[in-house]
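Quick notes on the structure that follows.
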Amino acid sequence: MAKRVRNYRFEMPYQVDAPSLTDLQAGIDRVRMRAPRDRNARTLTLLDTTDERLSWAGVLLAHQVIGETGDWLLRAPDWQPWLPAERLESLDDAEALPEDLARLLLPFRRRAPIRPIADIRVDRALYQLLDPDGVELGQLLDDRIAVRRGGLVIARHREVTFEAGAASTAPQRTLVVDRLQLAGGVRVTGFPELIDRLISLTHPVVVPAKPASGADPEDFLGWLFTGRMLGLLRADLQVRKGDVADTALLAAELADVVELVRGLTVLVDPIWANELSWHVGRVVAQSPCRHPEDLGESYFDALDALATAARSPRLRPDLPDSGPADGRAPATARQLLRNEAALRLAEVITSMEALTADATEAEWTHALAAAEQVLRVVNAGEPVLGKFAARRRRLVGLLGAIAQTANPVPEPHPDVVAALSPALAYQAGRDYQRGQDETREPRRRLLDEWPRTKGKLLDEWPEAVAYLPDPKALTAGRVKDDDDD
């Protein structure tokens, strides 16, 4: 029965000289370095864009070279089933990333080139311990590891493994272990895998399920846009893998982001918001396409704008970046969004108060737009606003009631009417009037119910009173029923 091979592992000081392991009394006659062909060098290189877009998304791309053999390595466990948890592919002579991998990584890197970011090199020396008869007593593997980033060495490690041979005795093994420890070695149960050392150099974004309740505007927006960016990348991969037929899913996801941003006007830079909306508009106009690449540069422009906001949100220039002069803490995203929602609700109430049965189409449209905006604010701020479910239901009901008052027939423009024949102009006027007649009953019903609706809104949203032009007049007649939420 063969003896069990014993391995002893040590973390050694990088620069220390190798200890003398020969001892004639113990029977260790000499130490011999194996031939140069047995001295293995291994390099693992981390590849990414300059701003590390792959790493940010939790994707690791590397190539490893062992001697004359090279492989591409892709690890993306969080992106299954669209990307592999781990995949090795031979490194060809051209050293070009395999086409299918390059295509799947395109939404992550977009137009940025991939280049070496960091590398880990292992230089191994292998020694034999021999007795006077030339019998091998064991092997010593001496690995010197250098970690470089940006061309600079940022860490060095030295891992020494003593593999005791079957012919070795207990005193011989003890002697080797003792001398390695005397040279500064610390015995360990194992060494980190090289890939784990490489992973430690990456900084994938971590997205908690919910933002902190006291998150400031920058942290909240970073959390929000990061989640949306990762969702867009998932949608992109679904299109590339053929899980969905075309880019309509991408266009819908981007349009949702624009709608979200429209509810965050109190926090985000309006110039950035307009740029994002413009880029997304171009994508939507071109969609659906068979492949994401068919959307052109505008698609990458939209992704870049959102990715920038995820990493470093663009805040409103007039948003205070520090606390008030009295030393109080700066306003949180929750506080700013609650105030914005109350202000927008006050605008809805003011608009509704101005409506009559004879109000113009523009006045009704203004009330509808005001209700849509307050709902956008509530939807966008939902993760931090708190218990807003009842308020949201009330707003959705009001929005639906106002939407029913819209004339289904657009009012014809005077220039258009002037270009029509008398008969067609007459018909256009009749169509518009018919639409007006259809709105009379919904408008009358909404106006009749408005005092009651307003009272419930103000009971649920008392902070909105402060933004009303005449709080005493507008809060008169408030009601509160047993069925209030």
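The number of heavy-atom neighbours closer than 6.0 Å to CG of L88, taken from other residues, nucleotides and ligands shown, is above 12.
Here CD of E463 is found 11.5 Å from CG of L343. Values are rounded to the nearest 0.5 Å. Note that the CD1 atom of I145 and the CG atom of L194 stand 6.0 Å from one another [nearest 0.5 Å]. Interatomic distance, L73 CG to T45 OG1, rounded to the nearest 0.5 Å: 11.0 Å. Separation of atoms CZ (R42) and CD1 (I120) is listed at 9.0 Å; rounding is to 0.5 Å. Distance check, rounded to the nearest 0.5 Å: CD of E382 to CG of L224 gives 10.0 Å. If you take CG on L336 and CZ on R334, they are separated by 12.0 Å, rounding to the nearest 0.5 Å.
A cation-pi arrangement is not found for R392 relative to F388, the charged atom failing to lie both closer than 6.0 Å to the ring centre and inside a 45° cone about the ring normal. Cation-pi contact between R282 and W278: present, with separation from the ring centre below 6.0 Å and deviation from the ring axis of at most 45°. Geometrically, R391 engages W461 in a cation-pi contact defined by less than 6.0 Å to the ring centre and at most 45° from the axis.
With hydrogens and angles disregarded, no donor-acceptor distance shorter than 3.5 Å links the side chain of S287 to the backbone of V283. Judged by distance alone, with hydrogens and angles left aside, the side-chain atoms of E363 form a donor-acceptor pair with the main-chain N or O of T360 at under 3.5 Å. Of the possible polar contacts, none joining the W82 side chain to the K241 backbone as a donor-acceptor pair under 3.5 Å is found. A side-chain donor-acceptor contact under 3.5 Å links R53 to the backbone of R109. A side-chain donor-acceptor contact under 3.5 Å links T247 to the backbone of C289. Listed for the D48 side chain is a donor-acceptor partner under 3.5 Å among the backbone atoms of L54.
Across all non-hydrogen atoms, the minimal contact from A357 to L447 is N-CD1, 3.6 Å. The two residues A251 and V284 come nearest to each other via the heavy atoms O-CG2, 4.0 Å. Between A57 and F108, the shortest heavy-atom distance links the atoms CB-CD2, 3.6 Å. I402 and A367 get closest at one heavy-atom pair: CD1-O, 4.1 Å. Residue A380 comes nearest to F220 through the heavy atom pair O-CZ, 3.6 Å, listed as atom of the first residue, atom of the second, then distance. In plain terms, the two heavy atoms of A309 and W272 that are nearest each other are CB-CZ2, 3.4 Å.
Put simply, the side chain of L337 reaches to within 4.5 Å of the side chain of L385, judged on heavy atoms. Within the 4.5 Å cutoff, the side chain of T265 has no heavy atoms near those of the P270 side chain. Considering only heavy atoms from C-beta on, M352 comes within 4.5 Å of L446 through its side chain. No side-chain heavy atom of M229 sits under 4.5 Å from any side-chain heavy atom of V205. With a 4.5 Å cut-off on side-chain heavy atoms, P204 and W56 do not count as touching. Residues L60 and L198 have side chains in contact (heavy-atom distance under 4.5 Å, counting atoms from C-beta outward). The side-chain heavy atoms of L237 and W79, taken from C-beta on, include a pair separated by under 4.5 Å. Side-chain contact between L47 and H63: present, with at least one pair of heavy atoms (C-beta onward) separated by less than 4.5 Å.
Under the side-chain contact (heavy atoms from CB on, under 4.5 Å) rule, P84 has a single partner from E86, Q80, R87, which is R87. The salt bridge (charged side-chain N to carboxylate O under 4.0 Å, His left out) with E52 is formed by just one residue from the set R149, R115, R311; it is R149.
Using a 3.5 Å distance cut-off with no hydrogens or angles, the side chains of H157 and R144 do not pair a donor with an acceptor. Side-chain contact of D51 with T49: a donor-acceptor pair under 3.5 Å is present, judged by distance alone. For R338 and Q335, the side-chain atoms include no donor-acceptor pair closer than 3.5 Å. Neither side chain, H203 nor S55, offers a donor N or O lying under 3.5 Å from an acceptor on the other.
Using a 4.0 Å cut-off between charged side-chain N and carboxylate O, D236 and R110 make no salt bridge. With salt bridges taken as basic N to acidic carboxylate O contacts below 4.0 Å, one links E159 and R197. Between R111 and D304, at least one side-chain N (NZ, or NE/NH1/NH2) sits under 4.0 Å from a carboxylate O, which counts as a salt bridge. Comment: K454 does not engage D459 in a salt bridge, judged by the lack of any side-chain N to carboxylate O separation of less than 4.0 angstrom. Salt-bridge annotation for D318 and R316: present, with a side-chain N of the basic residue lying under 4.0 Å from a carboxylate O of the acidic one. At a threshold of 4.0 Å, the pair R290-D294 does not count as salt-bridged, since none of the basic side-chain nitrogens sits closer than that to a carboxylate oxygen. A salt bridge links R443 to E361: one of the charged nitrogens lies within less than 4.0 Å of a carboxylate oxygen. Salt-bridge formation is detected for the pair R344/E340: a Lys NZ or Arg NE/NH1/NH2 atom is positioned less than 4.0 Å from an Asp or Glu carboxylate oxygen. Under 4.0 Å is where a charged nitrogen must lie from a carboxylate oxygen, and between E460 and R394 at least one such pair does.
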How far apart are the C-alpha atoms of E353 and W450, what are their side-chain angles, what is the distance that settles it, and do they pass the side chain to side chain donor-acceptor pair (under 3.5 Å) test?
CA-CA 8 Å; E353 289 290 309; W450 173 242; 2.6 Å; yes
Please assess R240 against L106 for the test side chain to side chain contact (heavy atoms under 4.5 Å, CB included), listing each intermediate value before the final yes or no.
CA-CA 10 Å; R240 293 178 188 274; L106 192 57; 4.1 Å; yes
Salt bridge (charged side-chain N to carboxylate O under 4.0 Å, His left out) between R445 and E449: does it pass, once the steps are laid out?
CA-CA 6 Å; R445 187 166 56 248; E449 286 291 323; over 6 Å; no
In sequence, state the C-alpha distance, the side-chain angles, and the governing distance for R158 and F10, and then conclude on side chain to side chain contact (heavy atoms under 4.5 Å, CB included).
CA-CA 8 Å; R158 188 176 179 186; F10 297 86; over 6 Å; no
Might you work through the side chain to side chain contact (heavy atoms under 4.5 Å, CB included) test for L315 and V268, ending with a clear yes or no?
CA-CA 4 Å; L315 302 178; V268 300; over 6 Å; no
List the steps, then state whether side chain to side chain contact (heavy atoms under 4.5 Å, CB included) holds for L395 with V374.
CA-CA 8 Å; L395 286 172; V374 69; 3.6 Å; yes
S298 and Q286: CA distance, side-chain angles, deciding distance, side chain to side chain donor-acceptor pair (under 3.5 Å) verdict
CA-CA 9 Å; S298 57; Q286 297 178 74; 2.9 Å; yes
